[in-house]
Structures are given as structure tokens and as C-alpha cells.
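Here the structure comes first, spelled out in C-alpha cells, and everything after it is commentary.
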Amino acid sequence: MHHKRILQTNFYYPKKGVSVILSIAALLSMVVVFSFRSESSSIIGKKPPFTQKDSIASKKAFLKVYAVLMSPRCMNCHPAGDIPLQGENSHLHLQGVKRGPDGKGIYALKCANCHQSHNLPGLHMPPGNPKWSLPPANMPMVFQGRSAHQLAGQLLDKKRNGRKSIKALIDHITKDTLVLAGWYPAQGLAKPPLSHREFVRAFNEWISKGAVSP
Amino acid sequence: MISNSQDLTINKKKYKADVSPDMPLLWFLRDIVGLTGTKFGCGMAQCGACTIHLDGEAVRSCVTPVSRAIGKKIVTIEGLSENGDHPLQQAWAEVNVPQCGYCQSGQIMSAAVLLQEKPNPTDSDIDDALSGNICRCGTYLRVRQAIHTAANIQKSSVSNAS
Ligand code: FES
Ligand code: FES
């Protein structure tokens, strides 16, 4: 009996040892996988102003940001092609308008030929802003068709975000009058799904909790 | 109201702009100055009939407030050339482009900006420049042909001058 218990015990301990080792290995590999994911999703080389890293909160905050960026008020000027989008259904801009090298249109169809420095009153009248334009052709900053993961990566990549540092990016979404114009739409057009204040808060939370992409 | 000291320069002449600053420039041109070559089509920047030049750009005057034009150079179809002999005007006559004519001053003013920026436009340049000028008579093919003709006239007048 005793002999049997010893045998059992001997048989039992090695098995426990293997499973402990396996669990540690699994944990380690998860840590490695997740650290790679968050490394590749945050700004390589430069540390964002993290307060307390929290990848879940960071991703959740980005999903709020994403809902705003993909709303027609933002996405319509960040099209996948060279034609701006219009309206709540983001149809191609009428009149055959095109981006042009500087994002301000071409020839007789430049944005400012119709878009004034302010919204004009009335349904279907051109909305306005002194800087009304698309991103330039060499830095198109496309939103249309991007997944949340792709868009987060793009926003953090200086080669694709207009060469903006994190600070410049936050400044841009907080103060740029063209960004703010989204919250002052022309008559008949909806605002983005969050207020500008909530949007800025979510953006800052995304960055400060680790700039992790969903 | 815009103060009397604010002048508008239209076709090289000065005019007193004693009107509300948000009055559409088209109203000022047609109803106050009497330059009726520029047409009203839609009043909402959709058709191009009201196209004029503001500092060389093909601006839609139906949505451009008078205040935006102060201190800038305005050119209407009447001022495109001294004697109606701009290469585009010559080409338009040669190709006999207009049908009813209503959209044509807008077409020509848009084409003038194209030729300024691209003296030898391709068909696709022409489409890119003029696709916002709507012609209910469907003169598009003749517009395109006339722009090529105008580009040639412009080219030969440049080479003759040099
Ligand atoms: S009248 Fe100005 S664009 Fe139609
Ligand atoms: S010629 Fe009639 S609308 Fe163009």
C-alpha cells in the first residue's frame, strides 16, 4: 500500500511539474504576443505620454474615436480615391470634383470656388471653412474603408499621418478649425456621433492608456 | 453695409459696393452693375452658369458674397478680352458651340482657367476642369472640341509673338 502510494506519488509529481512548466510557458508566450501587439500598435521609437497603460481601456477609447472619424463629417474629406464624398450616404462629390496635388481641387474645380469661409444658409448649400480641402495627394490620409486597427496604426505613423507627432496630432484634433467644422455642419447634415469635447477626451484616453489599436 | 470706401474692381473698372456684404456677387454684377453676360442657373454652386474669375480662379458668383471680392480682381465674360477675341471666344465662334447659350459664358470662364494652367489640355483634363459646368442642351462635345481649337490658337499666337 505504502509502496503503491509512493509509486502514485512519484507518478503524480512529475505530471504536476510538466503542467506547471506548460502553464508558465503559455503565460510567457501570451505576454510576448501581447507585448508585440501593443509595441507594433503604439508609436515606435517615441514614448507617448502614457499615464497608466491599460490596453483594454485604450482600445475602447479608440473605438469611440473611430466612430467619429468614420462619420460622414470626417470621412467625406478622407476618401479612398481622389474624389471627395458628400452627404450622409457619402456619395461621390457631384460636379466631378477631384483632389488635385495640394488637395484643393484642380483647374476650374477648386474647393474654394464654391466653398466659402463659412457655411451658407439653406439646404444643399455648400458648407464652408477657410481651409476647406482634402489632404494632399502625397499624404492622402485615407479613412474610408479602413478598419479600426488600420486607422489607429495610420494615425500613429508619421509617414502616413501628415508627419505629426503625438502632441501635434492631439493639437490638430483639438484645435484645427477644419476638424472643428465637423461639429458645425451645414443645414440638413448630421454632427459626428460624439460631441467634440467627448471626442477629444476619448482621443487623449486612447493615447494616455497606451495608444493600443483594437 | 459695406462702406463706400470699399471698391470692387470689375473688368478693370472700379465700382462702389454700397450693398450688404453677404449679397451674392452675381446679384451685384447683374442687377447693380448691369453685366448680364454672367447667368443665374441654380443659385447653389451646382451648375456653373455664374462662373466668373476672382483673382484668376473660376469662382461661382451665385454663392460668393460681395465681401469676399473686395480688394480682388473680378473678371466677367464681358471683360475676358478687349474685343471678344480671346482664343476661346474665337474657337467658340469657329466651332459654333452654343445651342441656347445659357451655360456658355460659364463654360468659357472655366475653360479660360484650364488653358491658363494647362495650355495643352487632354480630353481628360477638359473633363476634369469642366465637368461642373452643366449644359442642358448637351453641347459638351463641341465645348471639348472648341477648347482644343482654342489651345491651338493660343499656341500659334504665342509663337507668332515670340
Ligand atoms: S448659378 Fe451659380 S452654380 Fe448655378
Ligand atoms: S447651350 Fe443651352 S444650356 Fe448649354
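Within every chain, numbering begins at 1; the chains are lettered A, B, ... in the order of the sequence lines, protein sequences first and strands thereafter.
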Is it the case that the side chain of A:Asn113 and the backbone of B:Ala58 share a donor-acceptor pair, with hydrogens and angles ignored and the cut-off at 3.5 Å?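 Yes, because the side chain of A:Asn113 sits within donor-acceptor range (under 3.5 Å) of the backbone of B:Ala58.
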Please check if the side chain of B:Ser131 supplies one atom and the backbone of A:Gln95 the other of a donor-acceptor pair under 3.5 Å.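 Confirmed, B:Ser131 side chain pairs with A:Gln95 backbone.
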Would you indicate whether [X], at its atom [atom1], is surrounded by more than 12 heavy atoms from other residues, nucleotides or ligands within a distance under 6.0 Å?
{"X": "A:Lys60", "atom1": "NZ", "result": "no"}
{"X": "B:Lys72", "atom1": "NZ", "result": "yes"}
{"X": "B:Lys73", "atom1": "NZ", "result": "no"}
{"X": "B:Tyr102", "atom1": "OH", "result": "yes"}
{"X": "A:Leu180", "atom1": "CG", "result": "yes"}

Is it true that the side chains of A:Tyr107 and B:Asp125 contain a donor and an acceptor less than 3.5 Å apart?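 There is such a pair between these side chains.
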Could you tell me which portion of [X] (side chain, backbone, both or neither) has an atom closer than 4.5 angstrom to a non-hydrogen atom of chain A?
{"X": "B:Pro65", "answer": "both"}
{"X": "B:Arg68", "answer": "side chain"}
{"X": "B:Val59", "answer": "both"}
{"X": "B:Gln116", "answer": "neither"}

Atom pair [atom1]/[atom2] of [X] and [Y] - distance to nearest 0.5 Å:
{"X": "A:Leu123", "Y": "B:Met44", "atom1": "CG", "atom2": "CE", "result": "7.5 Å"}
{"X": "A:Gln116", "Y": "B:Ser67", "atom1": "CD", "atom2": "OG", "result": "8.5 Å"}
{"X": "A:Leu120", "Y": "B:Cys62", "atom1": "CG", "atom2": "SG", "result": "9.0 Å"}

Student check: side-chain heavy atoms of A:His124 and B:Cys42 closer than 4.5 Å: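 SC-SC contact between A:His124 and B:Cys42 ruled out.
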Which heavy atom of B:Val113 sits nearest to which heavy atom of A:Ala108, and what is that distance?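 Of all heavy-atom pairs spanning B:Val113 and A:Ala108, the closest is CG1-N, 4.2 Å.
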So which part of A:Ile83 gets closer than 4.5 Å to some heavy atom of chain B, the side chain, the backbone, both or neither?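 Looking at A:Ile83, nothing touches chain B.
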Taking side chain as everything from C-beta outward and backbone as N, CA, C, O, which of these in A:His93 sits under 4.5 Å from a heavy atom of chain B? Side chain, backbone, both or neither.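 For A:His93, there is no contact with chain B at all, as no heavy atom is under 4.5 Å.
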Specify which of A:His115, A:Lys98, A:Lys110 makes the most heavy-atom pairs with chain B at under 4.5 Å.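 So the answer, after comparing A:His115, A:Lys98, A:Lys110, is A:Lys110.
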Any ion pair linking B:Glu57 and A:Lys104 (charged N to carboxylate O, less than 4.0 Å)?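 Judged by the 4.0 Å cut-off on N to carboxylate O distance, A:Lys104 and B:Glu57 do not form a salt bridge.
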Find the one option among B:Leu114, B:Asp127, B:Leu130 whose heavy-atom pairs under 4.5 Å with chain A are most numerous.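 Going by pairs under 4.5 Å, I would pick B:Leu114.
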